[in-house]
Amino acid sequence: MAKNCLCLTAKTIDRNLEILNKYRKFIDIAELRVDCLDSDERLYFRRFPELAGIPVILTIRRDVDGGHFTGGEGARVKLLARGLAFANADSRLNFAYVDIEDDLKVPSLEEAARTFGTHIIRSYHDLEGEPFDICAKIKSMQRTGDEIVKMAIAAKTTSDVHRIYKASKSCTVKNKIIVCMGHLGIYSRILAEKFGSIFTYSSALSENETIGAAGQLDVKELAELYRFKKISKKTKIFGITGYPLKATISPWFFNSIFNLEKTDAVYVPFPADSVGDLLNLAKDLDVQGLSVTVPYKEAVLPKLAKCSDSVQTVRACNTVFPIDDEWYGENTDITGFSDSLLFFIGRKNLKNQKITIVGAGGAARAVAAEVYRLGGKALILNRTAYKAKSLASIYKFKWGALDTQGIERISKFKDIIIQTTSIGMEGYEAANPLDLYNFTGKEAVMDLIYMPEETPFLKSAAKAGCKTLNGYDMVIRQACRQYVNFMGKEIPQNVLSRINILGENK
Ligand code: NAP
């Protein structure tokens with residue numbers, strides 16, 4: 001099993017120890033980043049392994065490799081030698097590992113390390129992410145055969161992650177650490193075992209002074225949410241793809257269920273710059289199911305071999321899973337939305353209801369289809385007016401732009417107002433798409449966004465006295481249906497009620 005290594009980047013030995021002790025139960029090893037220590041603290045770090053009581057990696061990372069050491073190589077070698085000096089016959093009191101960059105060739109340092117049982121991690125950092133023969137490089141770095149080879153490569157695109165994954169899988173070197181740096185490579189850290197990596201590096205991100213490397217996960221989140229130590233080669237992989245994919249409750253929902261059910265499965269975020277490239281990688285990773293979110297619900301359609309009638313009707317897909325080795329698409333937003341709305345307004349249908357739908361993207365298409373099916377009449381308003389027009393024409397709805405004229409038309413469609421754009425969502429503009437509209441206080445108002453809990457749009461509706469609902473109930477309802485698609489069975493009732501209680505407390 002891959003090991004969880006906590007990266008310690010505080011300025012003092014004491015503070016690093018404090019952080020280590022706080023997160024000790026989640027980790028297997030720690031990395032002391034001596035380059036982050038204050039200069040006077042660098043005199044005393046040799047005693048750290050004894051104080052830590054777990055295997056520790058000694059690392060002094062140069063600024064050119066993304067670290068904080070700005071001195072010359074002579075000074076760095078001296079510091080490394082200080083860490084390896086006064087070696088104890090009891091190897092637990094020495095650094096268990098020393099990180100030596102591939103281009104730092106000081107045989108005496110390596111010899112000193114080996115003599116007292118300190119393993120060498122030979123590392124290579126590529127912050128530019130330019131293509132090169134990764135497998136050949138890994139092989140060339142294992143000079144004596146006993147080193148661990150560490151490759152940290154910036155993943156600027158999803159195809160970069162795929163390239164690194166393929167190189168790692170094809171490489172015969174077993175003792176290796178593979179890191180895809182950056183937000184687009186975040187899942188490679190959770191799926192370290194699948195990426196052929198023996199360690200993953202995490203950070204205590206909630207500690208103020210922690211400087212996590214780009215894409216590094218929080219140590220507690222990795223251990224508790226993703227149950228990192230339980231991920232083996234056999235663990236089934238599920239996940240969610242989108243971009244930037246910063247506000248989603250789905251990993252919490254699915255991983256909580258897997259945990260409660262004791263299912264050997266993990267659900268991870270797959271931020272991607274191209275949904276097609278992500279699906280290619282997902283196939284190689286044997287991903288068993290994907291939720292698809294903004295902005296890929298439409299872009300994913302050409303990548304599907306087959307899809308349900310509802311996906312064809314709304315031309316949006318939020319659920320993908322393999323059937324006979326090909327991607328099949330489903331849309332669970334549709335009924336997730338209508339079940340949630342009908343429950344909210346306490347009705348069985350939308351007959352005689354005049355409704356405004358704000359937005360004309362993937363979610364709006366699901367909303368419009370359901371409003372029509374349930375007998376409602378609607379006005380669709382969108383920033384890009386022609387998209388509102390083309391969606392409205394399918395159902396003979398009215399349409400308009402998000403301008404004064406369009407907003408004036410709401411007066412005839414104000415029983416229910418449904419906000420489906422990404423405006424107000426975490427990571428997007430914190431604005432109100434209907435800031436020109438004055439709520440009367442009688443409208444039932446729903447926003448599909450659930451992070452944040454209350455968008456500026458919902459806040460303004462609530463302030464006017466409207467009954468409001470955010471997208472949390474909808475996302476849970478649609479996720480329950482995704483679970484059926486992924487697992488071929490319903491979520492057991494007792495598990496679902498536990499999740500609901502957890503959700504309310506969140
Ligand atoms: P999408 O297909 O990318 O559509 C985005 C929509 O937002 C389009 O109408 C777009 O207008 C509009 N928009 C984006 N930025 C805008 C801006 N700055 N000003 C004005 N309009 C803007 O996304 P989607 O899949 O429909 O998702 C939309 C939202 O619904 C997201 O926040 C998502 O989280 C939420 N959602 C929630 C659930 C749930 O279960 N609760 C389910 C699905 C979706 P243009 O056409 O002019 O670009």
Side-chain angles (χ1 to χ4, degrees), residues 240-250 252-254 269 271-272 275 291-301 310-311 314-320 329-341 343-344 356-370 379-392 399-403 406-407 418-437 445-458 468-483 503:
I240 178 163
T241 188
Y243 192 84
L245 198 59
K246 291 206 166 150
T248 168
I249 207 167
S250 301
W252 166 78
F253 178 80
F254 282 98
V275 71
S291 311
V292 179
T293 188
V294 189
Y296 296 137
K297 287 183 185 178
E298 196 171 351
V300 74
L301 298 182
S310 57
V311 168
V314 301
R315 287 185 300 107
C317 163
N318 76 330
T319 310
V320 167
E330 184 51 275
N331 190 318
T332 65
D333 281 340
I334 299 176
T335 49
F337 157 72
S338 49
D339 290 352
S340 181
L341 177 67
F343 185 75
F344 170 54
T356 295
I357 300 169
V358 184
R365 287 204 293 279
V367 167
E370 281 302 81
L379 162 71
I380 300 176
L381 299 179
N382 194 44
R383 171 179 64 178
T384 314
Y386 80 86
K387 288 192 193 166
K389 182 181 179 186
S390 103
L391 178 57
W399 61 276
L402 272 174
D403 55 13
I407 302 286
I418 305 161
Q419 197 303 107
T420 76
T421 76
S422 359
I423 312 174
M425 182 163 108
E426 253 173 53
Y428 284 76
E429 202 187 339
N432 172 2
L434 285 198
D435 55 0
L436 297 174
Y437 178 71
V445 179
M446 178 176 185
D447 194 328
L448 265 51
I449 294 172
Y450 56 89
M451 273 170 140
E453 221 172 296
E454 194 177 50
T455 56
F457 165 78
L458 267 198
T468 60
L469 176 73
N470 71 14
Y472 179 77
D473 181 58
M474 171 177 167
V475 75
I476 296 296
R477 288 177 192 265
Q478 69 76 26
C480 289
R481 289 179 193 261
Q482 277 183 336
Y483 179 94

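As the structure lists them, so they are numbered: ligands from 1, and atoms in each ligand from 1.
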Quiz item: Hey, is Glu330 close enough to Arg481 for a salt bridge, meaning N to O under 4.0 Å?
Solution: no
Quiz item: Which option, Val294, Leu402, Thr332, owns the non-hydrogen atom nearest atom 31 (C) of ligand 1?
Solution: Val294
Self-check item: N/O separation below 3.5 Å, Asp333 to ligand 1
Solution: no
Quiz prompt | side chain to side chain donor-acceptor pair (under 3.5 Å) assessment of Asp333 paired with Asn318 | solution = CA-CA 7 Å; Asp333 281 340; Asn318 76 330; 3.0 Å; yes
Practice problem: Between Tyr472 and ligand 1, find which residue part has any heavy-atom pair under 4.0 Å and reply side chain, backbone, both or neither. | Solution: neither
Quiz item: Against heavy atoms of Lys297, which atoms of ligand 1 measure under 4.0 Å?
Solution: 25 (O), 42 (C), 43 (C), 44 (C)
Quiz item: Hey, is Gly336 one of the residues with a heavy atom under 4.0 angstrom from ligand 1?
Solution: no
Exercise. Nearest heavy atom to atom 29 (C) of ligand 1 wins, so pick from Ile357, Thr420, Leu448, Leu391.
Key: Thr420
Exercise. Go through ligand 1 atom by atom and flag the ones less than 4.0 Å from a non-hydrogen atom of Lys387.
Key: 46 (O), 48 (O)
Exercise. Over 60° means perpendicular and under 30° means parallel, so classify the ring planes of Tyr450 and Tyr472, tilted if in between.
Key: perpendicular
Quiz item: Quick one: does ligand 1 sit under 4.0 Å from the side chain of Ala363, the backbone, both or neither, non-hydrogen atoms only?
Solution: both
Exercise. Drop me the distance from Ser340's OG to Ile476's CD1, to the nearest 0.5 angstrom.
Key: 10.5 Å
Exercise. Using a 4.0 Å heavy-atom cut-off, say whether Thr384 meets ligand 1 through its side chain, its backbone, both or neither.
Key: both
Quiz item: So is there a nitrogen or oxygen of Gly362 less than 3.5 Å from a nitrogen or oxygen in ligand 1?
Solution: yes
Quiz prompt | Leu448 side, atom CG; Gln478 side, atom CD - distance, nearest 0.5 Å | solution = 10.0 Å
Quiz item: How does Asn382 reach ligand 1, by side chain, by backbone, by both or by neither, if only non-hydrogen atoms under 4.0 Å count?
Solution: side chain
